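Sharing a structure below in structure tokens format, with a few things to ask.
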Amino acid sequence: EVHIVESGGGLVQAGGSLRLSCVASGFVYDDHAVGWFRQAPGKEREGISCIRDRDGSTAYADSVKGRFTISSDISKNTVYLQMNNLKPGATGVYFCAEAYKWLGGGWGLEPNYDCWGKGTQVTVAS
């Protein structure tokens with residue numbers, strides 16, 4: 001079973017940047033996907049971005065396109081989420097999750113993921 005730990009959250013001013021990290025340990029499935037989700041206060045968790053392990057294909061929610069970048073370092077079993085020009089609406093807990101297969105158009109759906117981290121808090125001050 002894969003164990004996931006997120007880090008890199010914190011308090012940042014609007015317009016600032018943060019880089020989140022997601023480290024996965026344990027058995028890693030071939031052609032798996034790693035996604036980032038955000039849960040804002042009082043709202044449901046939403047998919048932010050996803051990356052495919054096999055070829056580095058990426059996907060983004062419309063709300064973060066052009067500002068967030070997902071990347072991976074296979075040698076470190078780590079996936080990063082670089083977040084630039086953060087807006088107050090980006091405040092929330094950010095979760096990393098792994099799917100044991102590539103999800104295609106279903107990357108933003110929670111039930112498609114097999115293993116979740118406990119999240120890291122991001123607070124964007126206006």
Side-chain angles (χ1 to χ4, degrees):
E1 183 175 343
V2 177
H3 181 60
I4 293 174
V5 178
E6 305 97 332
S7 63
L11 173 65
V12 64
Q13 294 293 317
S17 299
L18 282 175
R19 188 178 80 158
L20 306 183
S21 298
C22 168
V23 179
S25 60
F27 183 74
V28 178
Y29 291 79
D30 183 41
D31 201 22
H32 64 278
V34 176
W36 282 100
F37 285 74
R38 173 174 66 206
Q39 187 163 23
K43 296 186 178 180
E44 295 186 355
R45 201 151 50 181
E46 60 174 335
I48 297 299
S49 185
C50 184
I51 188 166
R52 183 178 187 178
D53 175 74
R54 175 172 289 178
D55 62 6
S57 299
T58 59
Y60 296 93
D62 288 342
S63 61
V64 305
K65 283 181 180 177
R67 298 185 297 114
F68 289 15
T69 303
I70 191 170
S71 62
S72 65
D73 185 335
I74 296 175
S75 67
K76 297 180 180 180
N77 284 339
T78 301
V79 171
Y80 303 99
L81 184 68
Q82 177 67 44
M83 306 186 296
N84 297 329
N85 190 19
L86 283 161
K87 304 180 186 300
T91 292
V93 180
Y94 284 69
F95 296 89
C96 180
E98 180 153 341
Y100 298 160
K101 62 181 180 181
W102 176 236
L103 301 174
W107 70 267
L109 302 177
E110 289 185 63
N112 289 340
Y113 290 81
D114 301 286
C115 186
W116 290 80
K118 294 183 177 181
T120 184
Q121 175 71 42
V122 171
T123 303
V124 183
S126 58

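Please read all numbers here as calculations on a predicted model, not as lab measurements.
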Value rounded to 0.5 Å, distance of CD1 in Ile70 from OG in Ser57 =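 If I round to the nearest 0.5 Å, the distance is 11.5 Å.
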
ask   = To the nearest 0.5 Å, what is the distance between CG (Leu20) and CZ (Phe95)?
value =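 Between Leu20 CG and Phe95 CZ, I get 12.0 Å after rounding to 0.5 Å.
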
request  = Flag the pair Leu86 / Asn84 as yes when at least one side-chain heavy-atom distance between them is below 4.5 Å, and no otherwise.
outcome  =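 Not in contact.
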
query = Measuring from Phe68:CZ to Leu81:CG, what's the distance to the nearest 0.5 Å?
reply =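 Here the interatomic distance stands at 6.0 Å.
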
request  = Might you point out which heavy atoms bring Tyr60 and Thr58 nearest each other, and give the distance in Å?
outcome  =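 Smallest heavy-atom distance, with atoms named: CE1-OG1, 3.6 Å.
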
key: Asp53 side chain near Ile74 side chain, heavy-atom distance below 4.5 Å   =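 With C-beta onward as the side chain, the pair touches.
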
inquiry  = Looking at every heavy atom in both Ala61 and Gly47, which two are closest together, and how far apart are they?
reply    =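 For Ala61 and Gly47, the tightest heavy-atom pair comes out as CB-O, 3.5 Å.
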
query = Which value, rounded to the nearest 0.5 Å, describes the distance between His32 atom NE2 and Ile51 atom CD1?
reply =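 Rounded to the nearest 0.5 Å, the NE2-CD1 separation comes to 9.0 Å.
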
inquiry  = I want to check something: taking the side chain as every heavy atom from C-beta on, are Trp102 and Cys50 in contact at a cut-off of under 4.5 Å?
reply    =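 Heavy-atom side-chain distance check passes, below 4.5 Å.
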
inquiry  = Closer than 3.5 angstrom, by distance alone: can the side chain of Thr78 be matched with the main-chain N or O of Lys76 as a donor-acceptor pair?
reply    =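 The answer is yes, because a donor-acceptor pair under 3.5 Å joins these two groups.
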
request  = Applying side-chain contact (heavy atoms from CB on, under 4.5 Å), run through Ser25 and Asn77 and close with a yes or a no.
outcome  = CA-CA 7 Å; Ser25 60; Asn77 284 339; over 6 Å; no

request  = Begin from the C-alpha positions of Tyr94 and Arg38 and carry the test side-chain hydrogen bond (donor to acceptor under 3.5 Å, both in side chains) through to its verdict.
outcome  = CA-CA 4 Å; Tyr94 284 69; Arg38 173 174 66 206; 3.0 Å; yes

request  = Is it possible for you to say whether Ile48 and Trp107 belong to one hydrophobic cluster, with membership spreading through side-chain heavy-atom contacts below 4.5 Å?
outcome  =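 No, no single cluster joins them.
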
ask   = Considering all heavy atoms of both residues, which atom of Leu11 and which atom of Ala125 are nearest to each other, and what is their separation?
value =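 For Leu11 and Ala125, the tightest heavy-atom pair comes out as CD1-CB, 4.2 Å.
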
message = Would a single hydrophobic cluster contain both Val34 and Leu18, if residues Ile, Leu, Val, Met, Phe, Trp and Tyr are joined by side-chain heavy-atom contacts under 4.5 Å?
response =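 As far as the 4.5 Å side-chain criterion goes, Val34 and Leu18 are connected within one cluster.
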
task = Give a yes or no answer on whether the side chain of Ser49 reaches the backbone of Ala59 with a donor-acceptor pair at less than 3.5 Å.
result =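 Confirmed, Ser49 side chain pairs with Ala59 backbone.
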
message = Grouping I, L, V, M, F, W and Y whenever their side-chain heavy atoms are under 4.5 Å apart, do Leu103 and Trp116 come out in a common cluster?
response =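 As far as the 4.5 Å side-chain criterion goes, Trp116 and Leu103 are connected within one cluster.
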
ask   = Under 3.5 Å, is there a donor-acceptor pair between the side chain of Glu98 and the main chain of Asp114?
value =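 Not confirmed, Glu98 side chain does not pair with Asp114 backbone.
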
Val124 reachable from Phe37 in the ILVMFWY side-chain graph, under 4.5 Å edges =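 No, because Phe37 and Val124 fall into different hydrophobic clusters, even though each may have its own neighbours under 4.5 Å.
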
query = Does any non-hydrogen side-chain atom of Ile4 lie less than 4.5 Å from one of Val23?
reply =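 SC-SC contact between Val23 and Ile4 ruled out.
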
query = Do you know which of Gln82, Met83, Arg67 makes side chain to side chain contact (heavy atoms under 4.5 Å, CB included) with Ser17?
reply =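 One option only clears the test, and that one is Gln82.
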
request  = Would you give the length of the straight line joining atom OG1 of Thr120 to atom CH2 of Trp36, rounded to the nearest 0.5 angstrom?
outcome  =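 Going from OG1 on Thr120 over to CH2 on Trp36, the span is 7.5 Å.
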
ask   = Got a donor-acceptor contact below 3.5 angstrom from the Tyr113 side chain to the Gly108 backbone?
value =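 Here the side-chain-to-backbone pair does not exist.
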
key: Spatial distance of atom OG (Ser7) from atom CZ (Arg19) [nearest 0.5 Å]   =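 If I round to the nearest 0.5 Å, the distance is 9.0 Å.
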
task = Would you indicate whether the side-chain heavy atoms of Cys22 and Val5 approach each other to under 4.5 Å?
result =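 Side-chain contact under 4.5 Å: no.
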
task = Kindly say whether Cys115 contributes a backbone atom to a donor-acceptor pair with the side chain of Tyr100 at under 3.5 angstrom?
result =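 The answer is no, because no donor-acceptor pair under 3.5 Å joins these two groups.
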
inquiry  = Closer than 4.0 angstrom, basic N to acidic O: yes or no for Arg45 and Glu110?
reply    =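 Salt bridge present between Arg45 and Glu110.
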
ask   = Is Arg52 salt-bridged to Asp31, going by a charged N under 4.0 Å from an acidic O?
value =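 Yes, this pair counts.
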
